[in-house]
Amino acid sequence: MVRHSAQVALLGVPFDAYSSFLRGASQAPAAVRQVMLSGASNMTAENGYVLDGEHGWRDAGDVACDNSKEDFDRISVRVSELLAAGEKVLSLGGDHSITYPILQAYARAYPGLCILHLDAHPDLYDELDGNRLSHACPFARIMEDQLAKRLVQVGIRTLNAHQAEQAERFGVTMHEARNWKPETSLGLHGPLYLSIDLDVLDPAFAPGVSHHEPGGLSVRDVIGLIQSIGTPLVGADIVEYNPQRDINGMTAAVCLKLIKEVSAAMAMSAPGQDAAESRG
Ligand code: MN
Ligand code: MN
């Protein structure tokens, strides 16, 4: 077994105050840890990477969120601390609004970041219900603040006129579900941040989400995307798991599967390689 030098930290972010429709995503970190510790599955990714201390993986616990507006500062401060310690952060939401404060921290550490965003929704609203920090808006804020140089979206199947305009404004590369195929080349160049909204999956695979949008990707499709990322993966989040909507923990098991595959992909890129890519 190859020893990997990269450090990967799992960080729970129990925040769902900016969900527009249903609450419950704040319970996700606890529900996923329960499955992780249940013994139902081992902690080995498909390529043999083991999520344990020996291989540079650890659970860094939760951000101390209380669903107040101060939480965004708490999130970016905690992520910055982990990045300063040389760790790569895999955040487990929480609703999708948390990607904005996470990216505030990442942009400081990794200028010129590219984002791969998997979602049924573009999350590019200028505001929703008067809230510019809504879980429907994070990528509008990220692109306005120039926290990433490029945004590539996959799995979108709810594009309306306003969000199409926003996508145009921000130069988003969008692969809608109706056109996407597993062999579609995404042309990604590192360093890369991966944001996975679980509703990118068809609800048949992941019923435990607030917004059921049929016609989505399979779990295998998403694993295939993760395993084919050919550029340094420096950070990621898995968001919008809502345990209140789950059936027999099916979606929690999907979260754990994705945690394993994303961790393996993050661990495979050495820190030195990331630094070189950042400068390039
Ligand atoms: Mn979504
Ligand atoms: Mn989303």
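Start at 1 and go down the list; that is how both ligands and their atoms are numbered.
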Checklist entry - Can you tell me the N, O or S atom of D119 that's nearest the Mn ion (ligand 2)? => result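 The D119 atom nearest to the Mn ion (ligand 2), restricting to N, O or S, is OD2.
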
Checklist entry - Taking the N/O/S atoms of D123 one by one, which is nearest to the Mn ion (ligand 2)? => result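 For D123, the N/O/S atom sitting closest to the Mn ion (ligand 2) is OD2.
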
Next on the checklist: Under 3.5 Å, is there a donor on one side chain and an acceptor on the other for D119 and H117?
Outcome noted: yes

Checklist entry - Going by atom types only, do N160 and Y125 share a side-chain donor-acceptor pair under 3.5 Å? => result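 There is such a pair (donor and acceptor under 3.5 Å, judged by atom type) between the side chains of N160 and Y125.
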
Next on the checklist: So that I can check it, does any N, O or S atom in D197 come closer than 2.8 Å to the Mn ion (ligand 1)?
Outcome noted: yes

Checklist entry - Can we say D123 and R141 salt-bridge, meaning some charged N sits less than 4.0 Å from an Asp/Glu carboxylate O? => result no

Item to check | Short N-O contact, E46 and K260, less than 4.0 angstrom | outcome: no

Item to check | Presence of N, O or S from H96 under 2.8 Å of the Mn ion (ligand 2) | outcome: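 Yes, since at least one N, O or S atom of H96 sits under 2.8 Å from the Mn ion (ligand 2).
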
Next on the checklist: H96 vs F139, test: ring pair (Phe, Tyr, Trp, His ring centres under 6.0 Å). Steps then yes/no.
Outcome noted: CA-CA 10 Å; H96 216 157; F139 294 94; 5.3 Å; yes

Checklist entry - Restricting to N, O or S atoms of H121, which is nearest to the Mn ion (ligand 1)? => result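 Checking each N, O and S atom of H121, the shortest distance to the Mn ion (ligand 1) belongs to ND1.
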
